[in-house]
Amino acid sequence: MRYWLMKSEPDEASIDHLANAAHRTLPWTGVRNYQARNFMRDGMQIGDGVLFYHSSCPEPGIAGLAEVASTAYPDPTQFDSKSPYYDPKSSQETPRWLLVDVVFKKKIPLIPLAALREHEELKDMRVLARGNRLSITPVTEAEWRFITTRLV
DNA sequence: GCCAACGTTGGC
DNA sequence: GCCAACGTTGGC
(Lines give C-alpha, C1' and ligand atoms only; values in the text may rest on other atoms or scores of the structure.)
Protein backbone atom coordinates (compact mmCIF):
# COMPACT_ATOMS: atom_id res chain seq x y z
CA MET A 1 0.00 0.00 0.00
CA ARG A 2 1.51 3.27 -1.13
CA TYR A 3 0.44 6.87 -1.23
CA TRP A 4 0.52 9.48 -3.97
CA LEU A 5 -0.26 13.08 -4.70
CA MET A 6 -1.86 13.66 -8.08
CA LYS A 7 -2.25 17.13 -9.57
CA SER A 8 -5.20 18.10 -11.67
CA GLU A 9 -6.32 21.41 -13.05
CA PRO A 10 -9.82 21.86 -11.61
CA ASP A 11 -11.04 23.34 -14.92
CA GLU A 12 -10.23 19.97 -16.47
CA ALA A 13 -10.96 17.52 -13.68
CA SER A 14 -11.79 18.76 -10.19
CA ILE A 15 -12.63 16.74 -7.08
CA ASP A 16 -16.29 17.52 -7.86
CA HIS A 17 -15.95 16.09 -11.36
CA LEU A 18 -14.55 12.95 -9.79
CA ALA A 19 -17.34 12.77 -7.21
CA ASN A 20 -19.96 13.08 -9.93
CA ALA A 21 -18.38 10.76 -12.47
CA ALA A 22 -19.88 7.38 -13.30
CA HIS A 23 -18.82 4.95 -10.57
CA ARG A 24 -17.09 8.01 -9.04
CA THR A 25 -14.15 7.01 -11.18
CA LEU A 26 -12.12 8.77 -13.85
CA PRO A 27 -9.24 7.63 -16.04
CA TRP A 28 -6.20 9.82 -15.30
CA THR A 29 -5.64 10.95 -18.87
CA GLY A 30 -2.99 13.26 -20.20
CA VAL A 31 0.17 12.38 -18.29
CA ARG A 32 2.99 13.06 -20.76
CA ASN A 33 5.99 12.88 -18.51
CA TYR A 34 8.05 9.72 -18.21
CA GLN A 35 8.68 9.93 -14.50
CA ALA A 36 5.00 10.35 -13.74
CA ARG A 37 4.14 7.55 -16.15
CA ASN A 38 6.63 5.27 -14.46
CA PHE A 39 5.09 5.94 -11.07
CA MET A 40 1.77 4.74 -12.47
CA ARG A 41 3.29 1.78 -14.28
CA ASP A 42 5.77 0.57 -11.68
CA GLY A 43 4.60 1.98 -8.37
CA MET A 44 0.85 2.06 -8.22
CA GLN A 45 -1.41 -0.70 -7.02
CA ILE A 46 -5.16 -0.85 -6.65
CA GLY A 47 -6.14 0.63 -3.30
CA ASP A 48 -3.21 3.05 -3.00
CA GLY A 49 -4.14 6.35 -1.35
CA VAL A 50 -4.30 9.50 -3.45
CA LEU A 51 -4.19 13.12 -2.37
CA PHE A 52 -6.18 14.93 -5.04
CA TYR A 53 -4.46 18.26 -5.66
CA HIS A 54 -5.84 21.24 -7.57
CA SER A 55 -3.13 23.05 -9.52
CA SER A 56 -2.87 26.05 -11.86
CA CYS A 57 -5.89 27.68 -10.28
CA PRO A 58 -6.74 30.54 -7.89
CA GLU A 59 -6.45 28.27 -4.83
CA PRO A 60 -3.92 25.51 -5.32
CA GLY A 61 -3.99 22.76 -2.69
CA ILE A 62 -5.29 19.37 -1.63
CA ALA A 63 -9.01 19.19 -2.35
CA GLY A 64 -9.86 15.59 -1.60
CA LEU A 65 -8.91 11.98 -1.07
CA ALA A 66 -9.11 9.26 -3.69
CA GLU A 67 -7.80 5.81 -4.42
CA VAL A 68 -6.02 4.08 -7.27
CA ALA A 69 -8.68 1.90 -8.90
CA SER A 70 -6.82 0.07 -11.65
CA THR A 71 -3.38 -0.97 -12.71
CA ALA A 72 -1.78 0.99 -15.55
CA TYR A 73 -3.12 0.66 -19.09
CA PRO A 74 -2.66 2.66 -22.31
CA ASP A 75 -4.06 6.20 -22.31
CA PRO A 76 -6.48 6.24 -25.27
CA THR A 77 -6.06 9.99 -25.83
CA GLN A 78 -2.54 9.43 -27.21
CA PHE A 79 -4.10 7.77 -30.29
CA ASP A 80 -6.76 10.44 -30.89
CA SER A 81 -5.53 12.99 -33.40
CA LYS A 82 -8.21 15.43 -32.24
CA SER A 83 -7.13 15.27 -28.60
CA PRO A 84 -4.75 17.83 -27.12
CA TYR A 85 -2.96 14.81 -25.67
CA TYR A 86 -2.43 13.20 -29.08
CA ASP A 87 1.07 11.81 -29.56
CA PRO A 88 1.88 11.01 -33.18
CA LYS A 89 5.01 9.14 -32.10
CA SER A 90 3.04 6.58 -30.12
CA SER A 91 1.40 3.50 -31.62
CA GLN A 92 -1.20 0.94 -30.64
CA GLU A 93 1.49 -1.76 -30.77
CA THR A 94 3.86 0.07 -28.43
CA PRO A 95 1.87 2.64 -26.50
CA ARG A 96 4.05 5.28 -24.96
CA TRP A 97 1.65 6.68 -22.37
CA LEU A 98 -0.28 4.94 -19.62
CA LEU A 99 -2.89 5.88 -17.08
CA VAL A 100 -4.68 4.46 -14.07
CA ASP A 101 -8.28 4.84 -12.97
CA VAL A 102 -8.86 6.91 -9.85
CA VAL A 103 -11.92 6.56 -7.62
CA PHE A 104 -13.36 9.26 -5.35
CA LYS A 105 -13.17 8.79 -1.61
CA LYS A 106 -13.81 12.11 0.08
CA LYS A 107 -13.98 15.82 -0.53
CA ILE A 108 -12.23 17.86 2.15
CA PRO A 109 -12.00 21.55 2.98
CA LEU A 110 -9.16 22.74 0.79
CA ILE A 111 -5.70 22.49 2.33
CA PRO A 112 -3.91 25.32 0.57
CA LEU A 113 -0.36 24.92 -0.63
CA ALA A 114 0.73 27.60 1.81
CA ALA A 115 -0.77 25.61 4.70
CA LEU A 116 1.17 22.50 3.69
CA ARG A 117 4.36 24.55 3.80
CA GLU A 118 3.67 25.59 7.39
CA HIS A 119 4.14 22.11 8.81
CA GLU A 120 7.57 20.85 9.78
CA GLU A 121 6.26 17.28 9.33
CA LEU A 122 5.67 17.96 5.64
CA LYS A 123 8.82 19.86 4.78
CA ASP A 124 10.22 17.01 2.70
CA MET A 125 7.08 16.40 0.64
CA ARG A 126 8.08 15.96 -2.99
CA VAL A 127 5.38 18.28 -4.20
CA LEU A 128 6.80 21.10 -2.06
CA ALA A 129 10.33 20.70 -3.39
CA ARG A 130 11.80 23.68 -5.17
CA GLY A 131 11.06 23.64 -8.84
CA ASN A 132 8.91 20.55 -8.65
CA ARG A 133 6.72 20.17 -11.70
CA LEU A 134 5.86 16.50 -11.55
CA SER A 135 2.13 15.92 -11.72
CA ILE A 136 2.39 12.69 -9.72
CA THR A 137 4.62 12.44 -6.66
CA PRO A 138 5.03 9.77 -3.99
CA VAL A 139 3.79 10.56 -0.48
CA THR A 140 5.29 8.82 2.54
CA GLU A 141 3.12 6.96 5.02
CA ALA A 142 4.04 9.53 7.69
CA GLU A 143 3.03 12.42 5.43
CA TRP A 144 -0.20 10.66 4.51
CA ARG A 145 -1.05 9.98 8.14
CA PHE A 146 -0.25 13.54 9.19
CA ILE A 147 -2.38 15.06 6.46
CA THR A 148 -5.34 12.70 6.80
CA THR A 149 -5.48 12.81 10.60
CA ARG A 150 -4.34 16.33 11.41
CA LEU A 151 -5.28 18.49 8.46
CA VAL A 152 -8.49 16.94 7.16
C1' DG B 1 1.59 38.24 -17.36
C1' DC B 2 6.01 37.12 -15.22
C1' DC B 3 9.52 34.09 -14.46
C1' DA B 4 12.15 30.18 -12.27
C1' DA B 5 12.81 25.59 -13.01
C1' DC B 6 12.84 21.72 -15.52
C1' DG B 7 12.17 18.31 -19.54
C1' DT B 8 12.68 17.58 -24.40
C1' DT B 9 14.51 18.29 -28.89
C1' DG B 10 17.79 18.36 -32.36
C1' DG B 11 22.17 19.92 -34.44
C1' DC B 12 26.73 18.76 -34.23
C1' DG C 1 26.76 12.15 -26.09
C1' DC C 2 26.82 17.13 -25.36
C1' DC C 3 24.38 21.14 -24.75
C1' DA C 4 21.87 25.32 -26.36
C1' DA C 5 17.39 26.49 -27.54
C1' DC C 6 12.90 25.95 -26.81
C1' DG C 7 8.46 24.67 -24.64
C1' DT C 8 5.86 23.71 -20.48
C1' DT C 9 4.57 23.90 -15.68
C1' DG C 10 2.67 26.29 -12.10
C1' DG C 11 2.91 29.61 -8.25
C1' DC C 12 2.54 34.29 -7.63
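Chain A is the first sequence line, chain B the second, and so forth, proteins listed ahead of strands; every chain is numbered from 1. Because the structure is a prediction, the values reported are computed rather than measured.
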A:L116 CG to C:dG11 C1', in whole Å, measures 14 Å

Should the pair A:R37-A:D75 be classified as a salt bridge under the 4.0 Å nitrogen-to-oxygen rule?
-> no

I'd like a list of close polar pairs between nucleotides 4-7 of chain C and the protein, N/O only, cut-off under 3.5 Å.
unit_1: C:dG7; atom_1: N2; unit_2: A:R133; atom_2: NH1; d: 3.4

Answer yes or no: does atom CD of A:E121 have more than 12 heavy-atom neighbours from other residues, nucleotides or ligands under 6.0 Å?
-> yes

Taken to the nearest whole Å, CG/A:L128 to C1'/C:dG11 is 12 Å

Sugar-phosphate, base or nothing in reach of A:E9, heavy atoms under 4.0 Å | nothing

Expressed in angstrom and rounded to an integer, what is the separation of A:R32 atom CZ from C:dT8 atom P?
-> 14 Å

Which atoms form the tightest heavy-atom contact between A:R96 and A:Q78, and what is the distance?
-> N-OE1, 3.1 Å

Take the protein atom CZ of A:R37 and the nucleotide atom P of B:dT8, then report the distance between them rounded to whole Å.
-> 10 Å

Give a yes or no on whether the ring-centroid distance for A:Y34 and A:W97 is below 6.0 angstrom.
-> yes

Integer-rounded Å distance: C:dT9 P and A:H54 NE2 = 18 Å

Nearest heavy-atom contact between A:P60 and A:Y53 is CB-OH, 3.7 Å

Check the distance between B:dT8's P and A:D87's CG and give it to me in whole angstrom.
-> 12 Å

A:W28-A:Y85 aromatic ring centre distance below 6.0 Å | no

Say whether A:S14 and A:D16, considering side chains only, have a donor N or O and an acceptor N or O under 3.5 Å apart.
-> no

A:L134 CG to C:dG11 P: how many Å, rounded?
-> 13 Å

Look at the side-chain N and O atoms of A:Y53 and state whether any lies under 4.0 Å from the OP1 or OP2 oxygen of C:dT9.
-> no

Distance check: side-chain N/O of A:K7 vs OP1/OP2 of C:dG10, anything under 4.0 Å?
-> yes

To the nearest angstrom, how far is A:R117 atom CZ from C:dG10 atom P?
-> 13 Å

